[in-house]
Amino acid sequence: MNGERFEPSGPLRGTLAPPPDKSISHRAAIVAAMGEGETAIHGYLRSADTLATVEAIKGLGAGVEELDRVGLGEKSASSTENSPNPRGSVALDLLISGVGLRGPRSAAVDVGNAGTLLRLLPGWLAGQPGGEWTLDGDESIRKRPVDRIAQPLTAMGARVSCRDEKHAPLRVRGSELHGIEYRLPVASAQVKSCLLLAGLLAEGETSVIEPAPSRDHTERMLARAGVALETRDVGTSLAIRGALPARRVTVRPAERLELGELFVPGDLSSAAFPLVAALLVPGSEVRLEGVGVNPYRVGVLGILNRMGAAVEVIETAPAGGEPRATLVARHGPLVATRVGAGEVPLAIDELPLVALAGCFADGETVVSGAEELRHKESDRISTVVEGLRGLGAEIEATADGFVVAGSGELRGGAFDSAGDHRLAMLGAVAGLASREGVEVRGLEAALVSYPGFGSDLRSLRGAS
Ligand code: S3P
């Protein structure tokens, strides 16, 4: 199998508008489909994962149209969240006609590679008496656990079954639900979101207690759609040491949702790749505009800050009820750091980049409490450790993370994405910062979240 080469790079320079946020795009499509009337979503991510969500809601009966750009330009000029859309073809402007909270029709849903779609959608469908759905996807998604949603949904009265009681295909037969109080064994925004959606259709109150806070995009979006949610800290006694306090989120049954109009900010998890590239390649300075900085997503910025990285965060106007910023990253020396369980949910998708930064840092970087990495698009403890070791890194896997002995450099070599989008991009960034370059096999996996990744990196090299 031939790969794509990423040669050692001169200084990276320039400005990028990273693609729209994947987590928020999934939620926007689902909540718009659950809603009454039309919702305009500006800057919906056009990637394999989020297009699977568009197809899924169409299958449930929602209408989806692409808004024409000229019309949109006029419309957004009157909006308080007006943001010119510099993200070109990776950002779609959609008009979604919802089927209403109780209106999805029975269907077979192909989730492709999208874990968020697989975990969130059943929450809505479980509370629809008379309906029947199957959710299935690609080979990789079939290895990812869904018992984490099937169990609490069953406790709410749902009729959900899955292969080996753990994996897709997942079958949902709609039924009457009742609210529960559920303590998440592990902080997970996907599981929390699933139960909150189910709670909108359940009798009584549904509360989710998370051991440490995870991204609250669903809570923000439901609030915008008119749902009265209650969120409160439940003290530090339940919290993992060093984490933000444990949190309880409560919803009650809703009559209707109405989202109206929504602007999707840029995806920090995608921006993190060119950002770390700039930190590692000498002489670089890269500016990333319009990036969502949800307080429960920005863990990577805190970690990099402790590593001594020069990342400037300039807050700009919010979008879609989410804070937004311009990030400016400059190359500089890095020192090792330790990341523990409390910080993990805040940086879960960026931990592979922490491993790479650790290779270039002075000292030993340790990530622990991150067993969840084993359940991502690949087993990201194994794939990151094996991948970086193949490039000359001194890195060891542990049961719940990894330990990197920083040497200040990386030799290079061949790197296999294992079909995982974040691994593909990790290999490419490693190549730019390496001594001998990296050949990335399976770079096309990046299309799941960051179409245009290769050309964005090239533009930064070209600008030097
Ligand atoms: C996501 C939550 C996280 C994250 C995933 C997207 C979401 O997963 O890793 O990429 O959109 O809610 P978990 O909820 O499993 O931690």
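Every number for a ligand or one of its atoms is a count from 1 in the order of the listing.
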Extract all donor-acceptor atom pairs below 3.5 Å that involve side chains of residues 262-278 and protein atoms in other chains or at least two apart in sequence.
residue	atom	partner	partner atom	Å
Asp267	OD1	Ser269	N	2.8
Asp267	OD1	Arg297	NH2	2.9
Asp267	OD2	Lys22	N	2.8
Ser269	OG	Arg297	NH2	3.0
Ser269	OG	Glu350	OE2	2.7

**OP:** Please test Thr116 against His26 for side-chain hydrogen bond (donor to acceptor under 3.5 Å, both in side chains), starting from the C-alpha separation and ending with a verdict.
**Re:** CA-CA 7 Å; Thr116 301; His26 282 302; 4.5 Å; no

**OP:** For the pair Arg306 and Glu343, find out whether any cationic side-chain nitrogen is under 4.0 Å from an anionic carboxylate oxygen.
**Re:**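 Counted as a salt bridge, because a side-chain N and a carboxylate O are separated by less than 4.0 Å.
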
Original post:
Does a salt bridge link Glu132 with Arg171, judged by any charged N lying under 4.0 Å from a carboxylate O?
Top reply: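 A salt bridge is present here (some side-chain N lies under 4.0 Å from a carboxylate O).
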
Original post:
Going by atom types alone, do Thr250 and Glu205 pair a side-chain donor with an acceptor below 3.5 Å?
Top reply: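 Absent: no donor and acceptor within the cut-off.
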
N/O of [X] under 3.5 Å from N/O of ligand 1, yes or no?
| X | value |
| --- | --- |
| Ser188 | yes |
| Arg422 | no |
| Ala189 | yes |

Original post:
Is Lys22 in contact with ligand 1, taking contact as a heavy-atom separation below 4.0 Å?
Top reply: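 It does not, in that no heavy atom of Lys22 comes within the 4.0 Å cut-off of ligand 1.
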
Subject >> salt bridge (Lys or Arg N to Asp or Glu O under 4.0 Å) pairs, two or more places apart, involving residues 110-120 >> reply: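 Qualifying pairs: none.
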
Which of the numbered atoms in ligand 1 are under 4.0 angstrom from any heavy atom belonging to [X]?
| X | value |
| --- | --- |
| Ile348 | 9 (O) |
| Lys376 | 3 (C), 4 (C), 8 (O), 9 (O), 13 (P), 15 (O), 16 (O) |
| Asp349 | 4 (C), 5 (C), 9 (O), 10 (O) |

**OP:** Heavy-atom distances under 4.0 Å are what count here, so tell me which part of His26 touches ligand 1: side chain, backbone, both or neither.
**Re:**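 Under 4.0 Å from ligand 1, His26 contributes no heavy atoms.
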
Original post:
Does Arg380 make a cation-pi contact with Phe402 (under 6.0 Å, within 45 degrees of the axis)?
Top reply: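 Pair Arg380/Phe402 does not count as cation-pi.
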
**OP:** Identify, for atom 11 (O) of ligand 1, the protein heavy atom at the shortest distance, and state residue, atom and that distance.
**Re:**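 Answer, as residue, atom name and distance: Ser23 OG, 2.7 Å.
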
Subject >> Which residue and heavy atom of the protein sit nearest atom 12 (O) of ligand 1, plus the separation >> reply: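 Ranking protein heavy atoms by distance from atom 12 (O) of ligand 1, first comes Arg27 NH2, 2.6 Å.
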
